[in-house]
Peer 1: 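Submitted below is the structure of interest, expressed as structure tokens.
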Amino acid sequence: MGLLSGLMGHASEVSIEKLTTEFQPILLDNEHIEKAYKLIRDMLVFTNKRLILVNKQGITASKTDYQSIPYSSIKMFSKETAGMMDLDAELKIWLTGESTPTIKQDFRKGDNINEAYKVLSKYVLK
């Protein structure tokens with residue numbers, strides 16, 4: 001179900017322990033990963049300091065772009081829960097200066113979009 005879900009454009013939660021080694025070179029000494037979600041090769045990584053968008057590039061994904069978004073740059077966020085006929089839940093994030101959501105990510109109905117929403121709430125609403 002994970003691969004099929006990824007191919008359909010749905011984010012699936014990733015184990016933080018699996019990401020620790022990969023992210024160690026870019027995390028600050030007092031920074032840790034709260035939640036991470038993967039979409040095929042790309043990821044949304046929520047730390048206690050920022051949101052990191054990971055874009056694996058090229059056919060072999062040997063090149064990786066890490067885009068850091070400080071929580072202070074997020075002006076608004078929303079979640080749309082899955083309905084009876086709609087199996088997708090959607091997370092939208094607006095950055096300062098943007099009138100449309102900069103980040104849109106679908107989650108499967110069974111995935112806990114509420115956890116990602118709580119992390120955003122915890123750090124954006126300080």
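Please read all numbers here as calculations on a predicted model, not as lab measurements. Counting from 1, the numbers follow the sequence of the chain as shown.
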Peer 1: Between Asp42 and Lys56, is there a donor-acceptor pair closer than 3.5 Å when you use the side chain of the first and the backbone of the second?
Peer 2: yes

Peer 1: Using every non-hydrogen atom in the two residues, find where Arg50 and Ser68 come nearest and quote the distance to one decimal.
Peer 2: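 Of all heavy-atom pairs spanning Arg50 and Ser68, the closest is NH1-OG, 2.8 Å.
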
Peer 1: Could you give the distance from CE (Met76) to OG (Ser99), rounded to the nearest 0.5 Å?
Peer 2: 9.5 Å

Peer 1: Mind listing the side-chain donor-acceptor pairs of residues 118-126 below 3.5 Å, one per line with the distance, residues two or more places apart or on another chain?
Peer 2:
unit_1, atom_1, unit_2, atom_2, d
Ser121, OG, Tyr117, O, 2.9
Tyr123, OH, Glu34, OE2, 2.6

Peer 1: What is the distance from atom CG of Leu44 to atom CZ of Phe107, rounded to the nearest 0.5 Å?
Peer 2: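 The CG atom of Leu44 sits 6.0 Å away from the CZ atom of Phe107.
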
Peer 1: Any side-chain heavy atom of Ile113 sitting closer than 4.5 Å to one from Glu90?
Peer 2: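 Heavy-atom side-chain distance check fails, nothing below 4.5 Å.
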
Peer 1: Between Lys35 and Glu13, is there a salt bridge with N-O shorter than 4.0 Å?
Peer 2: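 Yes, Glu13 and Lys35 are salt-bridged.
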
Peer 1: About how many Å separate OG of Ser73 and CD1 of Ile93, when rounded to the nearest 0.5 Å?
Peer 2: 11.5 Å

Peer 1: Out of curiosity, Lys38 NZ to Lys18 NZ, how far, rounded to the nearest 0.5 Å?
Peer 2: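 The distance works out to 8.5 Å.
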
Peer 1: Tell me who clusters with Leu27, hydrophobic residues only, linked when side chains sit under 4.5 Å apart either directly or through other members.
Peer 2: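 Joined to Leu27, directly or through intermediates: Val14, Ile16, Leu19, Phe23, Ile26, Ile33, Met43, Val45, Ile52, Val54, Tyr66.
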
Peer 1: Report yes if the side chains of Thr64 and Gln57 come closer than 4.5 Å at any heavy-atom pair, otherwise no.
Peer 2: no

Peer 1: Are Leu95 and Ile74 packed together at the side-chain level, in the sense that at least one heavy-atom pair is separated by less than 4.5 angstrom?
Peer 2: yes

Peer 1: If you compare all heavy atoms of Ala116 against all heavy atoms of Tyr37, which two are closest, and at what distance to 0.1 Å?
Peer 2: N-OH, 3.5 Å

Peer 1: Using 0.5 Å steps for rounding, measure from the CD atom of Gln67 to the CG atom of Asn55.
Peer 2: 9.0 Å

Peer 1: Using only atom types and a distance under 3.5 Å, with no angle test, would you say the side chain of Asn48 pairs donor to acceptor with the backbone of His32?
Peer 2: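 A pair under 3.5 Å: yes.
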
Peer 1: What residues form a side-chain contact (heavy atoms from CB on, under 4.5 Å) with Ser78, not counting sequence neighbours?
Peer 2: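 In terms of side-chain contact (heavy atoms from CB on, under 4.5 Å), with neighbours along the sequence ignored, Ser78 is linked to Lys92, Trp94.
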
